[in-house]
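In what follows, a single structure is set out as structure tokens and then discussed.
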Amino acid sequence: MNKKFKLSLIACVATVLTACGGGGGNSGAGSDTNPLKKYEGTYYVCDGHSKETVTVTASGSNSMSMTLVADLYQNTNCAGVVVGTYKLAQPLIATHQNQTSANLPPVTIFASSDSVDRVSLSYAGGTAQLTGSGVIGNCVNYSGGNTCYDNLTQPVQTATGAAYLNGNYFVSFSLTNGVLAYDAIRSKDPLFNINMLIRK
């Protein structure tokens, strides 16, 4: 598997980090003047050998920062020992623009569409850290394969994305051909595995 850094709320994030209006019964969450305050917390997702951790911190009156760490495990479903860790060099900064509607991931825990927070995204650039016993060059080897990163050094980047919160679930979106398309789903549950979701 070849991983490319994508400037989105995950990147979480990043992946990052993913993701005012949050919908899903959380529209009243947080009376703070920062409309992104409700996203504060740490979110996780295990997908195959990779477990991503995105930590969201609100800042100023309308922004949030997101840090991304991905641990790569020897075995699938994030089992066994960690053989590599990827850490984004800088936080991804999201600045609130407005509320809009978007189609949600086609899984049973979400409605078909809802209000999301559209944000502008910026990344200050830098060289990500890649460490661990399975690291060879820009790749991490594990049982049955590897994950390779095209380039650990990323330039300054900007983009448009969106965020959505429903209970413990944080969904990140990127703008593709003028349409907000979801990138990732993460949860506050450290044991959350993408395979737990049931498609509609």
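- For the side-chain hydrogen bond (donor to acceptor under 3.5 Å, both in side chains) with Tyr142, the qualifying choice from Thr147, Asn75, Thr76 is Thr147, the only one to do so.
- Scanning both residues, Cys78 and Asp47, for their nearest heavy atoms gives SG-N, 4.3 Å.
- Without hydrogens or angle criteria, Asn77 side chain to Ala79 main chain gives no donor-acceptor distance under 3.5 Å.
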task = Show your working on ring pair (Phe, Tyr, Trp, His ring centres under 6.0 Å) between Tyr43 and Tyr169 and close with a plain yes or no.
result = CA-CA 8 Å; Tyr43 302 88; Tyr169 294 98; 9.6 Å; no
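- A distance of 7.5 Å separates OG1 in Thr108 from CG in Leu197, rounded to the nearest 0.5 Å.
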inquiry  = Quick one, Val83 with Asn141, criterion side chain to side chain contact (heavy atoms under 4.5 Å, CB included). Give me CA distance, side-chain angles, the key distance, then yes/no.
reply    = CA-CA 8 Å; Val83 292; Asn141 294 334; over 6 Å; no
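- Nearest approach of Asn103 to Ser113, heavy atoms of both residues: OD1-CB, 3.9 Å.
- Criterion: ILVMFWY side-chain heavy atoms under 4.5 Å apart, direct or through other members. Under it, Val69 and Leu152 are not part of a common hydrophobic cluster.
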inquiry  = If you apply the rule side chain to side chain contact (heavy atoms under 4.5 Å, CB included), what do you find for Cys148 with Asn146, and how did you get there?
reply    = CA-CA 6 Å; Cys148 294; Asn146 62 23; 3.9 Å; yes
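- When side chains are defined from C-beta on, Asn166 does not count as touching Ile109, because their heavy atoms never get closer than 4.5 Å.
- The OG1 atom of Thr55 sits 11.0 Å away from atom CE of Met66, with the distance rounded to the nearest 0.5 Å.
- By the 4.5 Å heavy-atom criterion applied to side chains, Val116 and Thr100 are counted as neighbours.
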query = Between Lys200 and Ser112, is a side chain to side chain contact (heavy atoms under 4.5 Å, CB included) present by the stated rule, with each step listed?
reply = CA-CA 10 Å; Lys200 290 181 180 177; Ser112 297; 3.9 Å; yes
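- The cluster map of Ile, Leu, Val, Met, Phe, Trp and Tyr, joined by side-chain heavy atoms under 4.5 Å apart, puts Phe192 and Phe110 in the same cluster.
- Between Leu104 and Tyr164 there is a side-chain heavy-atom pair separated by less than 4.5 Å.
- Considering only heavy atoms from C-beta on, Val119 stays 4.5 Å or farther from Thr160 through its side chain.
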message = Run the side chain to side chain contact (heavy atoms under 4.5 Å, CB included) test on Ile185 and Val45 for me, step by step, so that the C-alpha distance in whole Å, both residues' side-chain angles and the decisive distance to 0.1 Å come before the verdict.
response = CA-CA 7 Å; Ile185 305 171; Val45 61; over 6 Å; no
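- One distance of note links CG of Leu130 with SG of Cys139; it measures 8.5 Å at 0.5 Å rounding.
- Residue Asp114 holds its CG atom at 9.0 Å from OG of Ser101, rounded to the nearest 0.5 Å.
- Shown here for Glu52 and Arg186, the closest heavy-atom pair between the two residues is OE1-NH2, 2.5 Å.
- Val82 and Tyr44 are members of different hydrophobic clusters when ILVMFWY side chains are connected at heavy-atom separations under 4.5 Å.
- Minimum heavy-atom separation, Gly161 to Leu121: N-CD1, 3.8 Å.
- Ring geometry for Tyr149 versus Tyr86: interplanar angle under 30°, hence parallel rather than tilted (30 to 60°).
- No side-chain N or O of Ser61 forms a donor-acceptor pair with one of Asn34 less than 3.5 Å apart.
- His49 places a side-chain N or O within donor-acceptor distance of the main-chain N or O of Tyr73, the cut-off being under 3.5 Å.
- Side-chain atoms of Gln74 do not come within 3.5 Å of backbone N or O of Val81 as any donor-acceptor pair.
- Note: Asn138 CG to Ile136 CD1 = 11.5 Å, rounded to the nearest 0.5 Å.
- Residues Ser50 and Ala70 approach most closely at OG-CB, 4.1 Å, considering heavy atoms.
- In this structure, a donor-acceptor pair under 3.5 Å is absent between the side chains of Ser172 and Asp183.
- Minimum interatomic distance between Pro91 and Tyr123 (heavy atoms only, all atoms of both residues): O-CD1, 4.0 Å.
- The closest side-chain heavy-atom distance from Leu191 to Asn193 is not below 4.5 Å.
- In this view, Thr153 and Thr127, Asn151 satisfy the side-chain contact (heavy atoms from CB on, under 4.5 Å) rule, not counting sequence neighbours.
- Ser63 and Thr95 are linked by a side-chain donor-acceptor pair at a separation below 3.5 angstrom, with hydrogens and angles left out of the test.
- Criterion: ILVMFWY side-chain heavy atoms under 4.5 Å apart, direct or through other members. Under it, Ile93 and Leu88 are not part of a common hydrophobic cluster.
- Met196 and Ile194 fall within a single hydrophobic cluster, where Ile, Leu, Val, Met, Phe, Trp and Tyr are joined by side-chain heavy atoms under 4.5 Å apart, directly or via other members.
- Put simply, CG on Leu36 and CE on Met64 are 5.0 Å apart, with the number rounded to the nearest 0.5 Å.
- Counting heavy atoms from C-beta outward, Pro105 and Val171 have side chains that approach closer than 4.5 Å.
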